[in-house]
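What you see is a predicted model, and the numbers here were worked out from it, not measured in a lab. Here is how names work: the chains are called A, B, and so on, in the same order as the sequence lines, proteins then strands, and each is numbered from 1.
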2 protein chains.
Amino acid sequence: MKPTEPRLPLTRERVLHAAIQVADEGGLAALTMRRLADVLGAEAMSLYYHVANKDEVFDGIVEVIATEINDLVDKIDLPAEGPAWKAAMRQRILTAREVFLRHPWLPKVFESRTGANFAVLRYNDGVIRILRAGGFTNDQCHHAMHALGSRAMGFVQELFTPGPGPVTPEALDGIRAMSDTLPHLAGMLLEVAHDEPDATVGWCDDQAEFEFGLDILLDGLDRLRP
Amino acid sequence: MKPTEPRLPLTRERVLHAAIQVADEGGLAALTMRRLADVLGAEAMSLYYHVANKDEVFDGIVEVIATEINDLVDKIDLPAEGPAWKAAMRQRILTAREVFLRHPWLPKVFESRTGANFAVLRYNDGVIRILRAGGFTNDQCHHAMHALGSRAMGFVQELFTPGPGPVTPEALDGIRAMSDTLPHLAGMLLEVAHDEPDATVGWCDDQAEFEFGLDILLDGLDRLRP
DNA sequence: ACCTGAACACCGTTCAAGT
DNA sequence: ACCTGAACACCGTTCAAGT
């Protein structure tokens with residue numbers, strides 16, 4: 001009989017990284033205290049020595065991710081003075097977005113947190129820094145932050161995407177069937193599907209749509225610049 | 001001993017309206033099958049005769065609310081041809097928003113639903129109708145829908161609002177304390193608080209900020225109109 | 001200091017049974 | 001047809017106890 005494995009001791013860090021891993025593999029619903037403990041080779045109750053409760057696990061995830069994003073955007077070395085603010089902001093936001101794309105469940109976690117998290121605040125401090133360098137007043141910065149919303153951190157919560165799958169003939173039939181009751185929606189979808197016949201791409205190019213919306217906002221804000 | 005009250009029989013409709021009421025009174029977390037049954041004077045298991053499961057309760061809520069919104073926006077009689085599209089869209093969106101303002105927990109429910117709901121599709125069919133009347137191509141409509149996102153239905157999920165409360169001296173002290181680590185954010189907030197000394201209003205005027213962001217998007221889209 | 005077992009108060013849901 | 005009671009498999013969390 002071999003001695004009991006001297007398992008790595010738990011730490012807050014290990015718990016949080018395991019939590020991200022569990023959600024990456026099984027989605028948010030899979031992230032339970034019991035499952036989390038399993039992955040760490042411990043009992044659920046042991047977690048409570050390192051985090052106060054599950055809410056603190058979520059807060060910790062936000063902290064870890066926001067810190068990762070800060071590390072990335074801190075490395076960006078782009079001028080932001082005057083008209084250059086837009087390119088700097090675009091780069092910052094699209095860099096943050098890369099992290100979110102790796103964790104599809106993250107937007108829900110970020111949106112569920114109300115409390116201020118330092119790493120998140122620091123990210124936004126950088127957003128405001130760029131706006132200020134561009135020449136915006138503090139009041140305009142405030143409006144701009146609201147207008148950008150979660151887009152400032154690189155994500156949007158898609159409300160109803162036709163699904164990530166390819167454009168199937170069955171889906172097209174379904175859309176044709178609603179031509180009577182939803183003529184404008186059906187007309188739009190049929191034409192979009194027709195123009196984009198590369199079925200493997202699917203209905204929407206999420207990245208292109210994100211940048212489209214982002215550019216409208218950045219251009220609109222730029223026009224308000226003193 | 002009086003006979004057992006011939007209690008109103010349960011219906012899908014009564015269940016859904018009770019669900020909205022429970023969430024209005026106690027928030028989303030209060031909406032459990034057991035609590036919902038309580039409000040209806042029934043047992044939790046009785047609900048399952050009228051809805052398949054809790055997910056269907058959420059879907060039903062979306063349907064009820066979207067139908068209410070459709071009834072309201074259908075009554076709007078505004079020209080939408082050419083440049084008039086913007087005013088018509090603005091009115092439609094702000095009308096939908098009024099319903100969301102009555103149910104602060106609704107955005108979370110809408111964002112959690114992935115399946116297509118007919119009433120929601122019908123609302124969006126109307127959005128596209130207005131865009132088409134304005135002269136946009138179907139491809140532009142598609143981009144516009146993505147750019148507007150949940151704003152098309154009248155809500156945004158605020159990421160980190162400083163809280164709905166008034167601007168307290170304690171909060172200002174807290175912000176001054178972060179002037180070293182978060183200089184741009186602190187600077188912005190201190191100036192915003194100073195410019196808006198009406199403490200009862202609180203930090204942000206949600207309606208004004210919503211309209212600010214909406215107008216940037218509508219103006220930006222209008223500029224793309226053929 | 002760190003971890004655990006047993007137990008509690010909740011969930012959503014199934015299923016056989018009542019009227 | 002409509003509703004219910006008992007029970008199941010899960011939650012997050014508390015608390016006293018182990019090492």
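Between Met33(A) atom CE and dC11(C) atom P the separation is 19 Å, expressed in whole Å. Here the P atom of nucleotide dG12(C) and the CG atom of Asn53(B) are 11 Å apart, to the nearest Å. The CD-P distance, from Glu43(A) to dT4(C), rounds to 5 Å in whole Å. The CG-P distance, from Leu31(B) to dC11(C), rounds to 11 Å in whole Å. Leu10(A) has its CG atom 12 Å from the C1' atom of dT4(C), to the nearest Å. With rounding to whole Å, Leu47(B) atom CG is found 15 Å from dG5(D) atom C1'. Taking atom CG of residue Asp55(B) and atom C1' of nucleotide dT13(C), one finds them 13 Å apart after rounding to whole Å. In this structure, Arg12(A) atom CZ and dC2(C) atom C1' are separated by 17 Å, rounded to whole Å.
Heavy atoms only, all atoms of each residue included: Leu189(A) and Trp203(A) are closest at O-CZ3, 3.7 Å. Residues Ile61(B) and Ala19(B) approach most closely at CD1-CB, 3.9 Å, considering heavy atoms.
Sequence order on DNA chain D of the closest nucleotides to Arg35(A) and Ala52(A) puts Arg35(A) first from the 5' end. Nucleotides of DNA chain C nearest to Arg34(A) and Ser46(A) differ in position, and the one nearer the 5' end is that of Ser46(A).
Counting any heavy atom pair closer than 4.0 Å across all strands shown, Ala44(B) reaches no nucleic acid atom.
OP1 or OP2 of dC2(D) lies within a sub-4.0 Å distance of a side-chain N or O belonging to Tyr49(B). Within the 4.0 Å cut-off from OP1 or OP2 of dC3(C), at least one side-chain nitrogen or oxygen of His50(A) is found.
Closest to the side chain of Thr32(B), out of dC11(C), dG12(D), dC3(C), is dC11(C). Listed candidates were dG12(C), dT4(D), dT14(D). Nearest to the side chain of Tyr48(A) is dT14(D). In this structure, the nucleotide among dA6(C), dG5(D), dG12(D) sitting nearest to the side chain of Met45(B) is dG5(D).
Across all strands shown, the partner of dG12(D) is dC8(C), judged by Watson-Crick or G-U wobble contacts whose two distances both fall under 3.5 Å. Nucleotide dC2(C) forms a Watson-Crick or G-U wobble pair with dG18(D), both donor-acceptor distances falling under 3.5 Å.
With His184(B) as the partner, the side chain to side chain contact (heavy atoms under 4.5 Å, CB included) test is satisfied by one option alone out of Ile128(A), Val127(A), Asn124(A): Ile128(A).
Within the structure, every pair that satisfies the side-chain hydrogen bond (donor to acceptor under 3.5 Å, both in side chains) test and touches residues 66-75 of chain B, not counting sequence neighbours, is listed here: Glu68(B)-Arg102(B), Asp74(B)-Arg122(B).
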Might you work through the ring pair (Phe, Tyr, Trp, His ring centres under 6.0 Å) test for Phe210(B) and Phe155(B), ending with a clear yes or no?
CA-CA 8 Å; Phe210(B) 181 87; Phe155(B) 70 92; 8.8 Å; no

